[in-house]
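Beneath this line is the structure, given in structure tokens, with notes to follow.
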Amino acid sequence: MGGAGAAVVEELRRSGVARGDLVALAVAPGVGLGLATPARRAIPIAVEGPVAVLDHVERVLRPRWVLWSKDTAEQLVQAGLRVAACWDIAAVHRLLAGGWRAEPARAWAEVHGLAAETIPKTGPLDLFSHAEQLGGALDEPVRRDGHLSPEWAGGGWSATPDRLARWAELASSVAALQLGRLGGLPDQPRAVTVARSESAVELLCAELSVDGLPMDCGVAEEVIAGFIGPRPRTEDEAAAQRSRRDAEVLRHAPPGAPVDLRSPGQVRSLLRQIGVEVPDTRAWRLEALRHAHPLVDAILTWRKAERMATTFGYAWLDENLGEDNRLRGAWSGCDGAAGRMTASAGLHNMPADLRRAVLAEPGHVFVRADLGQIEPRVLAAVSGDEALARAAMADDMYAPVARQLGVDRATAKVAVLGAMYGQTTGRGLQALHRLESAYPVAMAYLERADRAGQAGHDLRTYGGRLLPMGASSPPAASEHEARGRAAARGRYARNAAVQGAAAELFKVWAATVRARGAQLGAGIVLCLHDELLVHAPVEHGDAVARLAEACLHEAAHRWAPDDSVRFVADISAIPRWSDAKG
DNA sequence: TGCGGCTATTG
DNA sequence: CACAATAGCCGCAG
């Protein structure tokens, strides 16, 4: 096998490929693989075990693999191969064009200046077997109108080394065009760097999905039992537990018709009967009335338990926690909006009570690292506001901001967050006005984004992600509604500019930790917007903690080389997630 | 059966 | 109670 790998390395070197250079890859187990280099040399390789060949190339040459999407990364990770670097065409397309859809035909159309609406549809006739019957259709992947042919784009073709190499060649050309596009963005000089980290995060996502989050099943069941009782053995037992919880609430209610506590409308009527009038029954509203009547308190307690029973209960464990005590969900490198990572299976919204069930494996610890006040610091960086950057020198930047505004810390914090979210009412409004004069550059940056959003003009984040603002909603029924919709777009844009830039920095950091942590046997097991959980051998806990800190500064410099803003992280090595001071 | 509304959880 | 996400149940329309 080393022979086949060595021959491929030799061929790549002849094609001018050195460490870190782009090499496009398409792979089919049992068939072989296709490679392509920027010199447009397509290399078909017929081999039983393509992954072993790739492993060799990775170890000797370590190129930047051009992949059409995370699918290939997942394929490789499943087969036991973790590559260091890639150029993920789908992830880069999402950066370049915004939104979430990023099939090969879209990425192709984008870099060739073709409208997405003109992409040929893959109809029901493009089934696997049918594509084969088309015979000649697979010979030419690019149609006369410039689009990728649906037969190729659909991926339904049966792989041969030659076709894989052709597919890789197409990927190689798209990557080169994407690179040119990103490099040519005049106001986003870091876009190429961001594209690389976004790509690396796709690899990380593939690994996160496969590896899962280490948990202690016993503790998890203990926590759940604390809310809803022991695991029911039968459906009847589960029903009995449910009605016991309901009865505990309803005994505080006046006698009458049975009330379905799961129906907000009926709960609202019930509350009206005891003299509590509310526009809706959200917890934050009921919280203020908790002591008005025992029923209110009972409802709030019931809601907590109901959440545990339905969303984070025993069924959730059974579905998502593996035999090996790893909680697994699907990870995405960016959402469809500002570009934050997303995860399913409760990995991003697990109730805080369950964090004590997140436990490192024997001989391991978690290094938990979370960024402090990332959004206002990022705002200072992307807007170039020197006064706000000076405030960011403090560990707690709301303290100097509060002094500057002449208000208390809590008010300063509300005002800063309000400015970034687009708050226009409530307390802190006066402090908001003072922000305008204290940090005019940052506030103008937000204002500019707000106006662009209102006008329906697309904008880009600092790192280059397109935020599409096209008015793609149904026509407003009234002037009032139209104004409200525009204001909402303005708030959205204002926030996305900051949240999106923060997501970029976070992902550069995550990619850096992923790369540097490998030497210490450390692997990221959870990403939570501004927080990393790294699983590391216990003897390297302190070293990994220092590494996470060093990686933050490296990442910040990579993302914004002028180093004008200080970023801080709270980092600790702990056996359980809940052990962090948080 | 599909979908919008309401609710809760996280950042 | 503004911004983002995932997710479950209810109630209504088809």
Side-chain angles (χ1 to χ4, degrees), chain A residues 100 213 223 227 242 246 259-269 278-288 299-313 315-316 319-320 329-355 358 368 370-376 378-379 413-429 432 446 449-450 453 461 465 467 474 484 487-503 506 526-533 577 582:
Chain A
W100 200 81
L213 178 68
V223 173
F227 284 89
R242 244 189 333 267
D246 292 3
V259 173
D260 182 356
L261 294 169
R262 290 156 194 84
S263 165
Q266 292 188 39
V267 169
R268 192 163 161 243
S269 306
V278 280
D280 60 65
T281 69
R282 286 177 168 85
W284 66 267
R285 213 183 282 281
L286 295 186
E287 198 61 49
I299 288 172
L300 287 168
T301 305
W302 179 92
R303 285 256 177 89
K304 265 255 187 294
E306 183 72 0
R307 173 70 30 188
M308 274 293 175
T310 56
T311 308
F312 297 102
W316 170 71
E319 243 175 76
N320 304 294
W331 285 84
S332 163
C334 73
D335 58 29
R340 295 210 299 194
M341 296 175 75
T342 69
S344 66
L347 285 157
H348 270 181
N349 55 354
M350 185 188 301
D353 292 309
L354 276 163
R355 289 188 181 192
V358 178
R368 174 199 183 265
D370 84 303
L371 302 178
Q373 304 165 343
I374 181 171
E375 291 192 345
V378 158
L379 173 61
K413 180 176 174 176
V414 167
V416 172
L417 292 175
M420 291 187 298
Y421 288 150
Q423 181 183 347
T424 53
T425 59
R427 195 178 70 98
L429 198 58
L432 212 57
L446 295 170
D450 196 309
T461 61
R465 181 176 302 278
L467 304 170
R489 276 205 311 273
R491 287 196 304 271
Y492 169 80
R494 181 185 277 265
N495 181 247
V498 178
Q499 190 186 95
F506 177 78
L526 190 75
C527 297
L528 199 46
H529 309 312
D530 64 354
E531 176 174 356
L532 284 176
L533 209 55
W577 195 10

The salt bridge (charged side-chain N to carboxylate O under 4.0 Å, His left out) partners of A:D530 (sequence neighbours excluded) come to none
What is the distance from [atom1] of [X] to [atom2] of [N], rounded to the nearest Å?
X: A:I374; N: C:dA4; atom1: CD1; atom2: C1'; result: 14 Å
X: A:R465; N: C:dC3; atom1: CZ; atom2: C1'; result: 16 Å
X: A:W331; N: C:dT6; atom1: CH2; atom2: P; result: 12 Å
X: A:H529; N: C:dA4; atom1: NE2; atom2: P; result: 13 Å
X: A:L417; N: C:dA4; atom1: CG; atom2: C1'; result: 14 Å
X: A:F506; N: C:dA5; atom1: CZ; atom2: C1'; result: 14 Å
X: A:R489; N: C:dA2; atom1: CZ; atom2: P; result: 19 Å

Looking across every strand, which nucleic acid part, if any, lies under 4.0 Å from [X] by heavy atom: base, sugar-phosphate, or nothing?
X: A:A338; result: nothing
X: A:R268; result: nothing
X: A:R303; result: sugar-phosphate
X: A:A343; result: sugar-phosphate

Sorted by position of nearest nucleotide on DNA chain C, 5' first, the leading residue of A:W284 and A:M341 is A:W284
When rounded to the nearest 0.5 Å, the distance separating CG of A:L528 from CG of A:N349 is 9.5 Å
Check: Are the side chain of A:R491 and the backbone N or O of A:Y421 linked by a donor-acceptor pair below 3.5 Å?
Finding: no
Q) Is the side chain of A:S344 donor-acceptor paired with the backbone N or O of A:A330 at a distance under 3.5 Å, no angle test? A) yes
Residues in side-chain hydrogen bond (donor to acceptor under 3.5 Å, both in side chains) contact with [X], at least two apart in sequence or another chain:
X: A:T311; result: A:R307
X: A:R282; result: A:D280
X: A:R303; result: A:T281
X: A:E531; result: A:R368, A:W577

Here the salt bridge (charged side-chain N to carboxylate O under 4.0 Å, His left out) pairs for residues 415-424 of chain A, sequence neighbours left out, are none
Listing time: all N or O pairs from protein to nucleotides 8-14 of chain C that are below 3.5 Å?
{"unit_1": "C:dG11", "atom_1": "OP1", "unit_2": "A:S263", "atom_2": "OG", "d": "2.8"}

Note: chain A reaches DNA chain B at heavy-atom distances under 4.0 Å over the stretch, first to last nt, 5' to 3', of B:dC6 to B:dG11
Residues in residues 345-353 of chain A with a heavy atom under 4.0 Å of DNA chain B, by number, are A:H348, A:N349, A:M350, A:P351, A:A352
Taken in chain and number order and not counting sequence neighbours, the residues that satisfy ring-ring contact (aromatic ring centres under 6.0 Å, His included) with A:W316 are A:F312
Applying ring-ring contact (aromatic ring centres under 6.0 Å, His included) to A:H348 and not counting sequence neighbours gives A:W331, A:H529
With sequence neighbours left out, the residues meeting side chain to side chain contact (heavy atoms under 4.5 Å, CB included) with A:A345 are A:N320
- Would you say A:R340 reaches C:dA4's phosphate, i.e. side-chain N/O to OP1/OP2 under 4.0 Å? no
